Amino acid sequence: MKDEMMDVRKKDHIRICLEEDVEVGSTGFENIKLNQRALPEVDLKKVETTTTFLGKTLNAPILIEAMTGGTKQAKEINSDLAEAAGKLGIGIEVGSQRAAIEDPASADTFSIVAEKAPDTLRIANLGAVQLNNGFGLKECEEAVEMIGAHALALHLNPLQEAIQPEGDTNFAGLRGKIKGIARKLSVPVIVKEVGSGLSREDVKALISIGVGAVDIGGYGGTSWIMVEGYRGEHRTSEVFKEMGIPTAKALLDIKDMKIPKIASGGIRSGLDGAKSIVLGANLFGMASPLLKAQSKGGSKGVEAYLKETIKELKIAMFATGASDISTLGKVGYELNHSTFRSP
Ligand SMILES: Cc1cc2nc3c(=O)[nH]c(=O)nc-3n(C[C@H](O)[C@H](O)[C@H](O)COP(=O)(O)O)c2cc1C
């Protein structure tokens, strides 16, 4: 059944992310200095950004992060994002598919992504908390099938749900439920945060229950606390707006942990992306900058923004003597701030 409230909320989220300043704090990337080489022994024109993630080959280690679906406007956005992802051979994740599971008439607002980007990495998305609201393996498989996904991301956003007046706040027992899905689903499960960051303890728990990858979703980019503030929850938003693990710190905290990793939350350039790979990420993801690029220039605008990001990534690789992504992962760095004390 169609949930009118959800439609309104989705439209609000897009409008607020486009029109208001919803970024607070910092990701910490500004306090990471990559070891630069004056004698890189690399030809910039031959720098190679190809990589693989969960068995899929990508032309660059970039993911268009989960944003939307479920409405007419969302279909247009997904279509433009997917067209750019397909052209550039990078990954794309859709927004929460709950709306289309509950009202299959809106499934085309998500499946457009498979039409426009048939050959690249596609990731389905649902809120993990829905596993406490009647969703199970069947609904997860439906989400995967809807876009022919290569993985399913289950998002964790407890702080946002707590601040949202209509939020789902029963996060008890989710670990066991995610474990059940990760065991039986036809594709790997990725668990992601949406801007407050996964902690070392979280990632340890997720590895122990057989999750296929994590998306760190750290603090410093789009703040859902701020977004909910603009939707009316001013006082709670002010109190909690600085809570979260900065993206660079969250990555450093799990650098030694062996699980495929996506870096996201405030990544705003190819240099931020390069730093995230140096800190152990396999891919880096961006959401809000691509929503803004789409709003201004459609699919061409998204493509242009991503091309610029890839150019910056290549320059960062060249300047650190990394001719490919696996060499970039081994580049040295310095930390120049106390944000980075061990957990
Ligand atoms: C308009 C908008 C809608 C979003 N919707 C979802 C969603 O449905 N599911 C999800 O996992 N993340 C969602 N996100 C969070 C992003 O995937 C990402 O984790 C977060 O915005 C941080 O990235 P950024 O700083 O580059 O925007 C959304 C982000 C934006 C901007």
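Atoms within each ligand, like the ligands themselves, are counted from 1 in listed order. Quick caveat, the model's predicted, so the values are computed rather than measured. Values reported hereafter were calculated over all heavy atoms of this structure, with side chains retained and with hydrogens, waters and symmetry mates removed.
Looking from atom 22 (C) of ligand 1 to the surrounding protein, the closest heavy atom is G265 CA, 3.8 Å. At the shortest separation from atom 10 (C) of ligand 1 among protein heavy atoms lies K192 NZ, 3.3 Å. Among protein heavy atoms, the minimum distance from atom 27 (O) of ligand 1 is reached at T222 OG1, 2.5 Å. Looking only at protein heavy atoms, the nearest one to atom 29 (C) of ligand 1 is W224 CZ2, 3.2 Å. The protein non-hydrogen atom at the shortest distance from atom 7 (C) of ligand 1 is S96 N, 3.7 Å.
Residue contact annotation: C17 has a non-hydrogen atom under 4.0 Å from ligand 1. For V194, the closest heavy-atom approach to ligand 1 falls below 4.0 Å. Residue-ligand proximity: N125 is placed with a non-hydrogen atom under 4.0 Å from ligand 1.
Counting only non-hydrogen atoms, the option in Q97, R98, M67 that gets closest to atom 5 (N) of ligand 1 is M67. Comparing G266, G285, A66 against atom 13 (C) of ligand 1, the shortest heavy-atom distance belongs to A66. Comparing R268, M286, E193 by heavy-atom distance to atom 24 (P) of ligand 1, the nearest is R268.
Between D324 and K46 there is no salt bridge, since no side-chain nitrogen of the basic residue lies less than 4.0 Å from a carboxylate oxygen of the acidic one.
Atoms of ligand 1 lying under 4.0 Å from at least one heavy atom of G95, given by number and element, are 8 (O). Using a 4.0 Å cut-off to heavy atoms of G221, the atoms of ligand 1 that qualify are 25 (O). The distance from ligand 1 to the heavy atoms of S288 drops below 4.0 Å at these ligand atoms: 24 (P), 26 (O), 27 (O). Close contacts between ligand 1 and E65 involve ligand atoms 17 (O) [criterion: under 4.0 Å to a heavy atom].
A 6.0 Å sphere centred on CE of M243 holds no more than 12 heavy atoms belonging to other residues, nucleotides or ligands. In this structure, E76 places its CD atom where only 12 or fewer heavy-atom neighbours from other residues, nucleotides or ligands lie under 6.0 Å away. Enclosure of atom CD in E242 is not indicated, since only 12 or fewer non-hydrogen atoms of other residues, nucleotides or ligands lie within 6.0 angstrom. Dense packing is recorded around CD of E19, with more than 12 heavy atoms of other residues, nucleotides or ligands lying under 6.0 Å away.
Between A281 and L251, the shortest heavy-atom contact is CB-CD2, 4.3 Å.
Among residue pairs with one or both ends in residues 261-288, those qualifying as salt bridge (Lys or Arg N to Asp or Glu O under 4.0 Å) are E23-R268; sequence neighbours excluded. Residue pairs satisfying the salt bridge (Lys or Arg N to Asp or Glu O under 4.0 Å) criterion with at least one member in residues 162-190, sequence neighbours excluded, are listed as follows: R9-E166, R98-D168, E166-R231.
Exactly one of L252, I216, D253 qualifies for a side chain to side chain contact (heavy atoms under 4.5 Å, CB included) with L279. That residue is L252.
Taking any N or O of G217, backbone or side chain, none lies under 3.5 Å from an N or O belonging to ligand 1.
Side chains of E30 and S26: a donor-acceptor N/O pair is present below 3.5 angstrom, by distance only.
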